[in-house]
Amino acid sequence: MGWKTLDDMKLENRVALVRVDINVPMKDGAVLDNTRIARVLPTINDIIAAGGKPVLLAHFGRPGGAEVAELSLQQVVPALSAALGREVTFAANCIGGPAKRAVAAMEPGDVVLLENTRFHKGEEKNDAALAAAMAALADIYVNDAFSASHRAHASTEAIAQLLPACAGRSMAAELAALEAALESPSRPLAAIVGGAKVSTKLSVLRNLTERVDHLVIGGGMANTFLAAQGLGVGASLVEPNMIETARGILDTAAEVECVIHLPRDVVIAEAAEADMPTQIIPADACPEDMMILDAGPETVQALIELLDNCRTLVWNGPLGIFELPPFDAATRAVAEKAAELTRDGALVSVAGGGDTVSALNRMGLAGDFSYISTAGGAFLEWMQGKTLPGVAALRASR
Ligand code: ADP
Ligand code: MG
């Protein structure tokens, strides 16, 4: 903990500047995925219910400090209004006259959305003057954008030092879930790290080795670890320049008594294509012309038994090429087990990462996990053990 929530703030008759992440995918003026909008509704509704006035602060795309008409947040207003069941007022600038007038005109129950913060160069520079101009609009600051909090920007970091600051509902839920998973977990604690490459998850692996009791390495990156143990991986995806690094991680794990779990058997095929003829072989015997594309049934069985004995699971990265059945089998079987244990109250399960969340959604299992982080980059930085500037600023707030 160490940060305030909405429950700690006086909200009645106060203007609350709420940093949200409504950077939603759009096509032809329509929002393609409403997930991010749905996540900010509890905070906005709770502020209104307490008699406060929510003024929303957000970025949209990458305008790079210029006013780019196609990246105006105005286009999100219809979807946001529909989701809230209230007409949202739009202000054409996040500071200055337009913002001040919109805020001054607010009646109880009104919601104002301010224009894209990234239209100002100072946003990505964490500029104090821009933060002060935004802070001048409000009485308190609420950060409900965990997914934007790995960046020290004026609307996530500098501003939190200028106003009494707290976490919004989604932010508080995400922080609580992540703390329960890695900072003060029930043990034994297992992590599954899969996906394509060791090189993109090096700091994640290093941090987790220090923290978890069991580290499962799967997906394409497991091949590099198999190679590091002198096993042949045939034509599989492998990173030769990461083999030394992989050995180092195995050595560190042995020192800190973190048990590393690598595939015992694997599913191989001639190419990474759907519905290829497959074989199951021990993980030490991949022929030269074959590729490892999923973990095998013996490995899956071992992981299921491991989960039976764990209390907490953190998961990032699929165990195989889940996009191409049948190479989704291991990811699916282990996800089903994690979902079942979570439903039974035997396991706390947290998963994140773009492809991981998409795999769990596709399998219809995301709802059964204790928490699914859709924060992308912020989730990975947290997995690396980094302090997120937006979160640190909340902790430091008066
Ligand atoms: P996330 O987005 O959840 O962080 P990654 O982007 O690291 O996950 O990894 C996902 C990718 O890893 C998927 O596209 C998947 O096809 C790929 N992958 C998984 N197993 C293998 C494998 N054995 N060989 C090659 N690629 C793999
Ligand atoms: Mg990915």
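Ligands are counted one by one from 1 in listed order, and the atoms in each one are counted from 1 as well. Fair warning: this is a prediction, and the values are worked out from it, not measured in the lab.
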Next on the checklist: Give me the atom names and distance for the closest heavy-atom approach of Thr331 to Gly320.
Outcome noted: OG1-N, 3.5 Å

Checklist outcome for this item: atom 21 (C) of ligand 1: closest protein heavy atom, distance to 0.1 Å, is Gly220 N, 3.2 Å

Checklist entry - Does CZ in Arg211 sit with more than 12 non-hydrogen atoms of other residues, nucleotides or ligands closer than 6.0 Å? => result yes

Next on the checklist: Let me check something: do Leu71 and Ile37 share a hydrophobic cluster, defined by ILVMFWY side-chain heavy atoms less than 4.5 Å apart, either directly or through other members?
Outcome noted: yes

Item to check | Flag if over 12 foreign heavy atoms under 6.0 Å of CZ, Arg264 | outcome: no

Checklist entry - Between Arg151 and Thr156, which heavy-atom pair has the shortest distance, and what is it? => result O-OG1, 2.7 Å

Item to check | Closest approach of any protein heavy atom to atom 6 (O) of ligand 1, naming residue and atom | outcome: Asp355 OD2, 2.9 Å

Checklist entry - What residue and heavy atom of the protein are closest to atom 27 (C) of ligand 1, and at what distance? => result Ile321 CG1, 3.5 Å

Checklist entry - Is a side-chain N or O of Arg118 found less than 3.5 angstrom from the main chain of Gly65, in a donor-acceptor match? => result no

Checklist outcome for this item: Closest to atom 19 (C) of ligand 1 among protein heavy atoms sits Gly320 O, 3.1 Å

Next on the checklist: Starting from atom 23 (N) of ligand 1, what is the nearest protein heavy atom, named by residue and atom, and what distance separates them?
Outcome noted: Ile292 O, 3.1 Å

Next on the checklist: Just to be sure I'm reading this right: ignoring hydrogens, which of Val357, Asn223, Ile268, Leu237 gets closest to atom 25 (C) of ligand 1? Compare them by their nearest heavy atoms.
Outcome noted: Leu237

Next on the checklist: At under 4.0 Å between heavy atoms, is it the side chain or the backbone of Asp294 that contacts ligand 1, or both, or neither?
Outcome noted: neither

Item to check | Numbered atoms and elements of ligand 1 in range of Thr356, under 4.0 angstrom, heavy atoms | outcome: 1 (P), 3 (O)

Checklist outcome for this item: Residue, atom and distance of the protein heavy atom nearest atom 11 (C) of ligand 1 read Ala196 N, 4.0 Å

Checklist entry - Hey, which N, O or S atom on Asp355 ends up closest to the Mg ion (ligand 2)? => result OD2

Next on the checklist: Using the rule side-chain hydrogen bond (donor to acceptor under 3.5 Å, both in side chains), only one of Thr312, Thr342, Asp368 pairs with Ser349; which is it?
Outcome noted: Thr342

Checklist entry - Going hydrophobic residue to hydrophobic residue with side-chain gaps under 4.5 angstrom, can you get from Leu178 over to Met171? => result yes

Checklist entry - What atoms of ligand 1 come closer than 4.0 angstrom to any heavy atom of Asn316? => result 1 (P), 3 (O), 4 (O)

Checklist outcome for this item: Note: Lys197, heavy atoms under 4.0 Å from ligand 1, region reported as neither

Item to check | Main-chain N/O of Ser236 paired with Asn223 side-chain donor or acceptor, under 3.5 Å | outcome: no

Next on the checklist: Can you tell me if Arg62 has over 12 outside heavy atoms packed within less than 6.0 Å of its CZ?
Outcome noted: no

Item to check | Proximity of Glu323 to ligand 1 by residue part, where a heavy atom lies under 4.0 Å | outcome: side chain

Checklist entry - How close does the nearest protein non-hydrogen atom get to atom 9 (O) of ligand 1, and which residue and atom is it? => result Gly195 CA, 3.1 Å

Checklist outcome for this item: The closest protein heavy-atom partner of atom 7 (O) of ligand 1 is Lys201 NZ, 2.6 Å

